[in-house]
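Below is one structure, written out as structure tokens, with a few remarks after it.
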Amino acid sequence: MEQAIVRKNGLLYSEDLKTVVGVDTDSNLFNGRIPFGAHFIDDEVFTECPYESVSIPDSVEKLGSNLFCDSTELQKVKLPATIMELAPYMFSGCTKLTKITMPNELYGFSEGLFNNCTSLEEIPFRAGIEELPENVFSGCTALKTLVIPNTVKTICSCAAAYCSNLKVLVLPASLEEMAEDAFAGCNAIRNIRIDGSNDRFFVSEEDGCLYERTEEGNRLRLTVSGVEPQDVAFYKENVDDETDDFFSNEDFNEIDETFSPEVKALDESEEGEVGIAEEEKRMIMGEPSMNDETNVNAMLADILGEEKARAESVNSSVTVDDRETQILTQMMDVMSDQRPADDSAKVSDDELAKLFASNELVEQKEPVADINEIDNKTKILIDSVAVSKIIECTPVGEVPVNHELFVIAERTVKDEAGNDTFSAKLEKCSRTFAHVQDFKRIIMLSGLPVDNEEFMQFYYHFIGLKNVVFACEAPNPASLSDYAKTICEQSKISLERNELLTQRKQISIKNDSLIKLVIQDKFD
């Protein structure tokens, strides 16, 4: 007996409405967003689908195999936050896919997961992944930099084969096995780096190629493009000297020596090869480096001031002071792959309807009747986050039209009572900004529900005309977490080098420009 099919919202459901079995091709109701309530998505439901974006709700507990296979128009996918396992070849052949909102935790990547995703520039790693299975990134021709997390032990056959534009490869200390053809066809690799504590693989300082120690001697495993491999008769420790911690508590006494230098953009470089600096301490668990070769090379060279004999040129376009140079040359302990706790507070449909009446999505400046009052939209924002705090300030000069500073914190600390709050360092820094700019109020927020699309739509249009400072743990733009990147994007904070430098200057001198700044909130 055939199972009854229910047509609803442009989708085909099982009779109990728990399983999505297909798309209703006779309907035009489906807009790419699956309504909350479904528990399962059947195999191949969106294979060769015409949609540019698909969002799967957190109610879904299991996803079928080949779910988006060969969907050549697909650009953006949001997966359920609670899914722990992804089926093989889920995104295989999605040639326009550029952004994936991944679950918070995964058991691991599956075979062929991103096979031939030719527009995917970054791999959305997750902490704890121990194996890169067969064909997991094969054919990802837009991939220029690959930093493999420091938990991966095995790289299987053709895991990253035929990534023809891959130029920078960083391997972890945990690596124990690598298939002979793991990087077959990756003929553009110019720089290879591996944690010096790996006792099986190493990079020769003579030719920059990857070797494996065996009982028969050192064996060549991966060649750098344009370099003839040398005979390696000995192994030299490939570990850079450790430096002091990035911050000491005293560093917060001066505002210019706390946050602003740490988020300076990466120095631009002319085309050329550079040696890769030690990555193990700056590597985020599952967070790949920037994929622009010029920026990657400049960042790697600047961190340790290291330029090997093979380097052709690295030129900085901006002069930095001694303090900034020191900061750039220090090793940095950066964040784990944790995110702010999920928040269950949601913006109601009625509130959203009022905010976006008549589908008007263009934000306009509203007259401020009383600067002492907090407007309704700000209240909605405060009510929707996990942690908030309002600091009233006493301006000494003329109060600007945009008299509020919104400070978004990636992480919080515990107070004496065990409650989540904001670090004293961040509050002090925020008060300094407010004092310079004569702001009336600081609104501190943490734990934005970024998975709530309605909320993020509201947030994007509301916050666009507000002064925003985002406090993250990352020491530089290349190290931003997925959450941090989302907040920067939705807050209209540019991560471009020149814009960051401009914002750093503007925050220290009172002016009428809108503040859109990233700072580092270092946690000891």
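The structure displayed is predicted, hence computed values, not measured ones.
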Task: Residues that Ala417 engages under side-chain contact (heavy atoms from CB on, under 4.5 Å), provided they are two or more places apart - done: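 Result, side-chain contact (heavy atoms from CB on, under 4.5 Å) vs Ala417: Asp415, Asn419.
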
Ring-plane angle category for [X] and [Y], please: parallel below 30°, perpendicular beyond 60°, tilted otherwise.
X: Phe91; Y: Phe68; answer: parallel
X: Phe458; Y: Phe462; answer: parallel
X: Phe46; Y: Phe30; answer: parallel

Output the distance between atom [atom1] ([X]) and atom [atom2] ([Y]), rounded to the nearest 0.5 Å.
X: Ile129; Y: Ile123; atom1: CD1; atom2: CD1; value: 10.0 Å
X: Thr82; Y: Glu61; atom1: OG1; atom2: CD; value: 7.5 Å
X: Leu63; Y: Ile41; atom1: CG; atom2: CD1; value: 6.5 Å
X: Ser388; Y: Met444; atom1: OG; atom2: CE; value: 10.5 Å
X: Met456; Y: Gln490; atom1: CE; atom2: CD; value: 4.5 Å
X: Ile443; Y: Ile390; atom1: CD1; atom2: CD1; value: 5.5 Å

Task: side chain to side chain contact (heavy atoms under 4.5 Å, CB included) evaluation trace for Leu86 with Leu106 - done: CA-CA 8 Å; Leu86 302 179; Leu106 287 173; 3.9 Å; yes

Please tell me if the side chains of [X] and [Y] come closer than 4.5 Å, counting only heavy atoms from C-beta onward.
X: Leu143; Y: Asn165; value: no
X: Ile519; Y: Leu426; value: yes
X: Ile408; Y: Val468; value: yes
X: Val170; Y: Ile194; value: no
X: Phe114; Y: Pro124; value: yes
X: Val401; Y: His403; value: no
X: Asn191; Y: Arg193; value: no
X: Leu146; Y: Ile148; value: yes

Donor-acceptor contact below 3.5 Å, side chain [X] vs main chain [Y]:
X: Arg126; Y: Gly108; answer: no
X: Gln75; Y: Leu97; answer: no
X: Ser119; Y: Thr95; answer: yes
X: Asn467; Y: Phe406; answer: no
X: Thr101; Y: Lys78; answer: no
X: Ser446; Y: Ala409; answer: yes
X: Ser71; Y: Leu74; answer: no
X: Ser174; Y: Val152; answer: yes
X: Asp438; Y: Pro395; answer: no
X: Asp195; Y: Leu171; answer: no

Open item on the list: Is it the case that over 12 heavy atoms from other parts of the model lie below 6.0 angstrom from the CD atom of Glu453?
Closed with: yes

Search all heavy atoms of [X] against all heavy atoms of [Y] and return the closest pair with its distance.
X: Leu480; Y: Cys488; value: CD1-SG, 4.4 Å
X: Lys466; Y: Lys516; value: O-NZ, 3.0 Å
X: Ala160; Y: Cys163; value: O-SG, 3.3 Å
X: Leu465; Y: Asn402; value: O-OD1, 3.2 Å
X: Ala38; Y: Ser59; value: O-OG, 2.8 Å
X: Asn198; Y: Pro172; value: ND2-O, 3.3 Å

Under-4.0 Å salt bridge between [X] and [Y]:
X: Asp420; Y: Arg411; answer: no
X: Glu73; Y: Lys96; answer: yes
X: Lys99; Y: Glu489; answer: yes
X: Lys485; Y: Glu122; answer: yes

Exercise: do [X] and [Y] side chains pair donor with acceptor under 3.5 Å:
X: Ser423; Y: Asp521; answer: yes
X: Ser481; Y: Glu410; answer: yes
X: Glu499; Y: Gln503; answer: yes

Open item on the list: Is there a side chain to side chain contact (heavy atoms under 4.5 Å, CB included) between Leu405 and Val407? Walk through the geometry before answering.
Closed with: CA-CA 6 Å; Leu405 175 65; Val407 179; 3.9 Å; yes

Open item on the list: The test is side chain to side chain donor-acceptor pair (under 3.5 Å); show your working for Tyr460 and Ser491 and say whether it passes.
Closed with: CA-CA 6 Å; Tyr460 176 80; Ser491 302; over 6 Å; no

TODO: Begin with the C-alpha distance, continue with both residues' side-chain angles, and end with the deciding distance and a verdict on side chain to side chain donor-acceptor pair (under 3.5 Å) for Glu121 and Thr98.
DONE: CA-CA 7 Å; Glu121 296 182 354; Thr98 59; over 6 Å; no

Open item on the list: As a quick check of understanding, evaluate side chain to side chain contact (heavy atoms under 4.5 Å, CB included) for Ser494 and Leu500, giving each step before the final call.
Closed with: CA-CA 7 Å; Ser494 172; Leu500 284 173; over 6 Å; no

TODO: Under the ring pair (Phe, Tyr, Trp, His ring centres under 6.0 Å) rule, collect the residues that match up with Phe137, sequence neighbours excluded.
DONE: Phe125

TODO: Would you check, one step at a time, whether the test salt bridge (Lys or Arg N to Asp or Glu O under 4.0 Å) holds for Lys440 with Glu404?
DONE: CA-CA 6 Å; Lys440 175 68 178 176; Glu404 294 176 324; over 6 Å; no

Open item on the list: Taking the cut-offs as 6.0 angstrom to the six-membered ring centre and 45 degrees off its axis, would you call Lys389 and Phe422 a cation-pi pair?
Closed with: no

TODO: Test side chain to side chain contact (heavy atoms under 4.5 Å, CB included) on Val436 and Ile507 and set out the steps.
DONE: CA-CA 8 Å; Val436 171; Ile507 194 68; over 6 Å; no

